[in-house]
2 protein chains.
Amino acid sequence: MPARTPDVDIGALTGLIGYMLRRAQIAVFQDVFRAFAEVGIRPAQFSVLTVIAHNPGRTQSQVAAALGIKRTNFVALIDSLERRGLAERRPAPSDRRSHALHLTEAGRMTVRRLNRMVEKLEAGMIRRIGRHRRAVLLDLLARLSEP
Amino acid sequence: MPARTPDVDIGALTGLIGYMLRRAQIAVFQDVFRAFAEVGIRPAQFSVLTVIAHNPGRTQSQVAAALGIKRTNFVALIDSLERRGLAERRPAPSDRRSHALHLTEAGRMTVRRLNRMVEKLEAGMIRRIGRHRRAVLLDLLARLSEP
DNA sequence: CACGATCGTTATGCAGCATCACAAGTAACC
DNA sequence: GGTTACTTGTGATGCTGCATAACGATCGTG
């Protein structure tokens, strides 16, 4: 029986959007991370695969910008996906500087598999906070993301 | 006039709690970061100062645990606050291994100043999404942070 | 053609977060 | 009371995320 020290008061932090956003994001990402670990994919890689799947043929710069990633750091990301045979760089038809991004067949399969995982995770969210409140949350988060 | 390429579709990502949480967190943190830059304080440092202010005399391990920071990485954090004369380590009365954390007078003044900034930022949030919806958001975020 | 801008890339640095190892101190136990 | 196991703060170290600088190849425009 430990000598019960009263809990540390976290102060007004629980009333701050920024702090609570961070905590929630970390908690949710941990779940995603665990689920994706089975496939060996990180959240950032998943987002890239998704965007390529929806926009085949776009250049690295375009995809990177859409995700808010610097094209500098995007290089290693694509490298890893290409090395694993999930995506590939093809010569862009109109610009010899650019690389057009495409998924391989394995990449498309992986995306489908990841999407099934994501669906389950989102279903868990709905169970936790309710379908309606989840929709409200998404709406509020979208507003905070905008300028 | 650039040759209007249609925008890149971000796919189903806008419907994912995890992705939207991340985006919102980055956007909000950027605002906080800019505001705090004037004082030369980072969000993590602010959270530490706040917890110490509310719990003077607690040990490094206790404060670190309350914030979800490994005590290993907490060392440099306290170092910086102590070097700037905002907080200090005092010998703990009951345990000679521990350091009891306290704010200096300058630290208390800085916290007050930061709190005024935070209030303004939160007021901006309320203006953006409404007082009630902000409360709803905080509630939902708290639920997602829990186990 | 010449010039400025863009694309992908490399190199590099800093901050966040994790693990391992350790010395000093504490607590439990027989 | 002395051995043993644990805790506290610290240092060293590595990986990842994200930023900037510089560069060659290529493009678009005057």
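Note: hydrogens, waters and symmetry copies are ignored here, and every other heavy atom, side chains too, is used. Labels below follow one simple rule: chain letters A, B, ... track the order of the sequence lines, proteins then strands, and each chain is numbered from 1.
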Counting just side-chain N and O atoms, does Arg22(B) come under 4.0 Å of either OP1 or OP2 of dC18(D)?
yes

Will you find, in the side chains of Gln45(A) and Ser80(A), an N or O donor that is under 3.5 Å from an N or O acceptor?
yes

Base, sugar-phosphate or nothing for Thr72(B)? Non-hydrogen atoms, less than 4.0 Å.
base

Ser98(B) or Gly68(A), whichever maps to the more 5' nucleotide of DNA chain D
Ser98(B)

Map Arg96(A) and Ala44(A) onto DNA chain D by nearest heavy atom, then report which one ends up closer to the 5' terminus.
Ala44(A)

Compare side-chain N and O positions of Gln62(A) against OP1 and OP2 of dC7(C) and report whether any pair is under 4.0 Å apart.
no

Take the protein atom CZ of Arg23(B) and the nucleotide atom P of dC18(D), then report the distance between them rounded to whole Å.
10 Å

Atom CZ of Phe33(B) and atom P of dA15(C): how far apart are they, to the nearest Å?
9 Å

Compare all side-chain heavy atoms of Arg143(A) with those of Asp139(A) and state whether any distance is below 4.5 angstrom.
yes

Grab the CD-P distance between Gln60(A) and dT6(C) for me, whole Å please.
17 Å

Can you confirm whether more than 12 heavy atoms, excluding those of Arg128(A), are under 6.0 Å from its CZ atom?
yes

Separation of atom CD1 in Ile26(B) from atom C1' in dG17(D), rounded to whole Å:
10 Å

Asp79(B) has an atom CG; how far is it from atom P of dA12(D), in whole Å?
12 Å

Among Leu137(A), Leu138(A), Val28(A), find the residue that satisfies the side-chain contact (heavy atoms from CB on, under 4.5 Å) test when tested with Met20(B).
Leu138(A)

Ile69(B) or His99(A): which one's nearest nucleotide on DNA chain C is closer to the 5' end?
His99(A)

Taking only N and O in the side chain of Arg89(B), is any of them less than 4.0 Å away from OP1 or OP2 of dT10(D)?
yes

For Arg113(A) and Glu38(A), what are the C-alpha separation, side-chain angles and deciding distance, and is it a side chain to side chain contact (heavy atoms under 4.5 Å, CB included)?
CA-CA 11 Å; Arg113(A) 189 171 164 198; Glu38(A) 168 188 334; 3.2 Å; yes

Looking at the base of dT8(D), is there any donor atom on it, or on the side chain of Arg97(B), that sits under 3.5 Å from an acceptor on the other one?
no

Round to a whole Å and report the spacing from NZ of Lys70(B) to C1' of dT10(D).
16 Å

Rounded to whole angstrom units, what separation is found between the CG atom of Asn73(A) and the P atom of dG13(C)?
15 Å

I need the CZ-P distance between Arg42(A) and dC17(C), as an integer number of Å.
14 Å

